[in-house]
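The structure under discussion appears below in the form of structure tokens.
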Amino acid sequence: MTCEEGGLTVGVLAAVLVGAVAVLHAYIMVLEMFFWQRPRGRAAFGMDEETARVTAPLAANQGLYNGFLAAGLIWGLVADDPVGFQAQVFFLSCVVVAGAYGAASTSNRKILFSQLAPGAVALAAVIIAG
């Protein structure tokens, strides 16, 4: 299947989207594990110094999970099919569920646009390219 503009295949588009979601989760991992208590991390998550200090161990654990999501997506990109396809579907589904849960369980609705939406778009592209 080919997109009409530029002859870009749906498979290439899906791979680019999966790569972008992997980079996003690697970035979130770095913020949560290494910059949580620094100005950039506090600004990204809207916290004061005391809240960041108290929650740093929890954030580092969250960051590790985001790193696993990124690693799984990268694995899905480099693995041969059917494993690559299956890994992409599984890890993107995890991203979508985590985004939905995060948006529902916090007052931070931007998770819908920063995590859930990119994951859902990439998942749809992977399934279409399937």
Tell me whether [X] shares a hydrophobic cluster with [Y], the cluster being built from Ile, Leu, Val, Met, Phe, Trp, Tyr side chains joined at under 4.5 Å.
X    : Y   : value
V121 : V18 : no
L77  : F85 : yes
L92  : F68 : no
M33  : V23 : no

Backbone N/O of L58 and side chain of T55: donor-acceptor pair under 3.5 Å: no
Please give me the minimum heavy-atom distance between [X] and [Y], naming the atom from each residue.
X    : Y    : answer
A22  : A70  : O-CB, 3.4 Å
V95  : G119 : CG1-CA, 4.0 Å
A122 : L17  : CB-CB, 3.8 Å
Q115 : A98  : NE2-CB, 3.6 Å
G99  : I111 : O-CG2, 3.4 Å
A129 : A14  : CB-CB, 4.2 Å

To the nearest 0.5 Å, what is the distance between [atom1] ([X]) and [atom2] ([Y])?
X    : Y    : atom1 : atom2 : answer
L31  : M29  : CG    : CE    : 10.0 Å
L24  : I28  : CG    : CD1   : 4.0 Å
R40  : F34  : CZ    : CZ    : 16.0 Å
Y101 : L116 : OH    : CG    : 14.5 Å
F90  : L73  : CZ    : CG    : 10.5 Å

Hey, does Q37 have a side-chain heavy atom less than 4.5 Å from the side chain of M47? no
Side-chain touch Y27/N66, heavy atoms, less than 4.5 angstrom: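 No; the side chains remain at least 4.5 Å from each other.
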Is there a side-chain contact (heavy atoms from CB on, under 4.5 Å) between L123 and V89 once you walk through the steps? CA-CA 6 Å; L123 179 60; V89 169; 4.1 Å; yes
side-chain contact (heavy atoms from CB on, under 4.5 Å) between D48 and R42: does it pass, once the steps are laid out? CA-CA 7 Å; D48 59 36; R42 290 195 321 266; 5.9 Å; no
So W36 and F45, would you call those rings parallel, tilted or perpendicular, with 30° and 60° as cut-offs?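 Rings of W36 and F45: tilted, as their planes differ by 30° to 60°.
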Should the heavy atoms of other residues, nucleotides or ligands under 6.0 Å from CD of Q86 be counted, would the total exceed 12? yes
